[in-house]
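Notes follow the structure.
What you see below is based on every heavy atom in this structure, not just the backbone, and it leaves out hydrogens, waters and symmetry mates. Only a predicted model underlies this, so the values are computations on that prediction, with no experimental measurement involved. Just so you know, ligand 1 is whichever comes first in the structure, and atom 1 is the first atom listed for that ligand.
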Amino acid sequence: MIDFHTHSSASDGALNPKELLERAAREGVTRFALTDHDTINGYLTAKDRVPEGLRLVSGVELSCQWARMGIHVVGLGFDPDAQCLRQHLQLLDAARLDRAARIGDRLESAGMTGALRGAQSVASGAQIGRPHFARWMVMAGHVDSEEAAFKRFLGRGKPGDISVLWPSLEATIAAIKQAGGLSVLAHPLEYKMTATKLRALTVAFAEAGGDAMELINGRPRPGDIAALWRLIEDRQLAVSVGSDFHRDTPYGAGLGVDPSDIPAGRGVWEHL
Ligand code: AMP
Ligand code: MN
Ligand code: MN
Ligand code: MN
C-alpha cells in the first residue's frame with residue numbers, strides 16, 4: 001500500500017506526524033509521504049523516527065496559481081535542505097499569514113470578534129489555513145459545523161475567500177525540481193474546471209516540467225479514473241496516489257491506496 005498525499009497537525013490534519021506515521025505503518029502502508037499544506041515542519045520532525053516497515057519520502061502540498069485559480073502541486077522526494085525550496089516555503093508562510101489577517105478582518109466585519117486570534121490558537125503553530133478559522137467558528141458558536149463555516153463564510157465566493165497571490169505554477173514546479181524532487185498535479189478534478197480548461201492545465205503543468213498526476217485522491221467517484229487516465233496518457237505523465245487523509249470522517253478515505261491496478265512503469269514511486 002502506498003500513500004503519497006496526507007496531512008498532519010503541522011497543517012490542517014488531526015494527528016501529529018508521529019501518530020500519523022505509526023497509524024500508516026499499522027495499516028499496512030509501506031511507502032508514505034506527509035504532504036502538509038505549504039510546510040515541511042511535520043516531515044522534519046518525523047523523518048528520523050520512521051516506524052519499521054514504512055519508507056518515508058519527503059513531501060509537501062504547495063499552493064500555487066494558474067490562470068488565476070488556486071492549484072495544488074505535491075512535491076515528492078526533494079532535498080528538504082535545498083535553499084530554493086526553503087525560500088519558496090518562506091514566501092508561502094508570508095502569503096498565508098497575510099491571508100489569515102485579511103480573513104480575520106472580514107470575519108470581524110461580520111461580527112466575529114477575535115477571529116484571527118481564535119484561528120491562531122486553534123492552529124497553535126501549524127501552517128494556518130481556512131480549516132483553523134472554521135474550527136474556531138464552531139467553538140465560538142458562530143456556526144454549527146466546519147462544513148457550514150465553509151458554506152457561509154470561507155468557501156468559494158464568500159467573504160473569507162480571499163484571493164491570494166500564490167506563486168505561479170511554473171515557479172512552484174521549478175522550486176521542487178531544483179531541490180531534486182518530482183512534481184505531482186494534485187486532485188485535478190477538485191478544481192471543477194471544464195474539460196477544456198483542465199486539459200490546458202495539464203499541458204501547462206507538463207510543459208513547466210511537471211512529472212505526475214494524482215490518479216487516486218481519497219475516494220474516487222465513478223468515471224474519475226477513466227477521465228484522469230486520458231489526461232495522463234495524453235502527456236505521458238507518471239501516476240501518483242494518496243488518501244488526502246486529514247482525520248477520520250464517515251465519508252473520507254482511510255490511509256493507504258492499493259496500487260496493484262496501475263501498470264508497471266507508470267507509478268511515480270518507481271522513481272523515488
Ligand atoms: P486553505 O489551504 O487554507 O485554503 O484551506 C483549504 C483546506 O480546507 C483544504 O485542504 C481542505 O482540507 C479544507 N476544506 C476545503 N473545503 C472544505 C469544506 N467545504 N469543508 C471542510 N473543509 C474544507
Ligand atoms: Mn487540507
Ligand atoms: Mn489540496
Ligand atoms: Mn491535501
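No salt bridge links Asp105 with Arg102; every basic N to acidic carboxylate O contact stays at or beyond 4.0 Å. Taking 4.0 Å as the cut-off between side-chain N and carboxylate O, Asp234 and Arg230 do not count as a salt-bridged pair. Remark: Glu233 engages Arg266 in a salt bridge, criterion side-chain N to carboxylate O under 4.0 Å. Under the 4.0 Å criterion applied to side-chain N and carboxylate O atoms, Asp211 and Lys177 are assigned as salt-bridge partners. Between Lys18 and Glu22 there is a salt bridge, since at least one side-chain N of the basic residue sits less than 4.0 Å from a carboxylate O of the acidic one. The pair Arg23-Asp248 counts as a salt bridge, with a side-chain nitrogen and a carboxylate oxygen less than 4.0 angstrom apart.
Distance from atom 18 (C) of ligand 1 to its nearest protein heavy atom, with residue and atom name: Phe150 CG, 3.4 Å. Nearest to atom 2 (O) of ligand 1 among the protein's heavy atoms is Arg96 NH2, 2.9 Å. When only non-hydrogen protein atoms are considered, atom 20 (N) of ligand 1 lies nearest to Glu147 OE1, 3.2 Å. Nearest protein heavy-atom neighbour of atom 11 (C) of ligand 1: Asp12 OD2, 4.0 Å. At the shortest separation from atom 8 (O) of ligand 1 among protein heavy atoms lies Pro131 CG, 3.2 Å. What sits closest to atom 6 (C) of ligand 1 on the protein, heavy atoms only, is Arg130 NH2, 3.7 Å. Among all protein heavy atoms, the one lying closest to atom 3 (O) of ligand 1 is Arg99 NH2, 2.5 Å.
Using a 4.0 Å cut-off between heavy atoms, Ile128 makes no contact with ligand 1 at all. When heavy-atom distances to ligand 1 are checked against a 4.0 Å cut-off, His7 has no atom that comes that close, whether in backbone or side chain.
Heavy-atom distances between Lys151 and ligand 1 stay at or above 4.0 Å for every pair. Ligand 1 has no atom lying under 4.0 Å from any heavy atom of Glu146. Heavy-atom distances between Gly155 and ligand 1 stay at or above 4.0 Å for every pair.
The aromatic rings of His37 and His246 are tilted relative to each other, their planes meeting at an angle between 30° and 60°.
Of the N and O atoms on the side chains of Asp93 and Gln127, at least one donor lies less than 3.5 Å from an acceptor on the other residue.
A donor-acceptor contact shorter than 3.5 Å links the side chain of Thr30 to the backbone of Met1. Not a single donor-acceptor pair under 3.5 Å links the side chain of Arg55 to the backbone N or O of Arg31. Tyr191 places a side-chain N or O within donor-acceptor distance of the main-chain N or O of His72, the cut-off being under 3.5 Å.
Of the candidates Val268, Val257, Val239, Ile2, Ile262 forms a side chain to side chain contact (heavy atoms under 4.5 Å, CB included) with just one, namely Val239.
Among the heteroatoms counted here (N, O or S) of Asp12, OD2 is the one nearest to the Mn ion (ligand 2).
Between Leu182 and Ile176 the shortest heavy-atom distance is O-CG2, 3.6 Å.
Remark: ligand 1 atoms within the under-4.0 Å shell around heavy atoms of His246 are 10 (O), 12 (O). Shown in contact with His37 at under 4.0 Å from a heavy atom are these atoms of ligand 1, numbered in order with element: 10 (O). Using a 4.0 Å cut-off to heavy atoms of Gly129, the atoms of ligand 1 that qualify are 3 (O).
Excluding waters, the set of protein N, O or S atoms lying under 2.8 Å from the Mn ion (ligand 4) comprises His5 NE2, His7 NE2, Glu61 OE1, Asp244 OD1.
The side chain to side chain contact (heavy atoms under 4.5 Å, CB included) test applied to Pro17 returns Ser8, Ser9, Leu34, Thr45, Ala46, not counting sequence neighbours.
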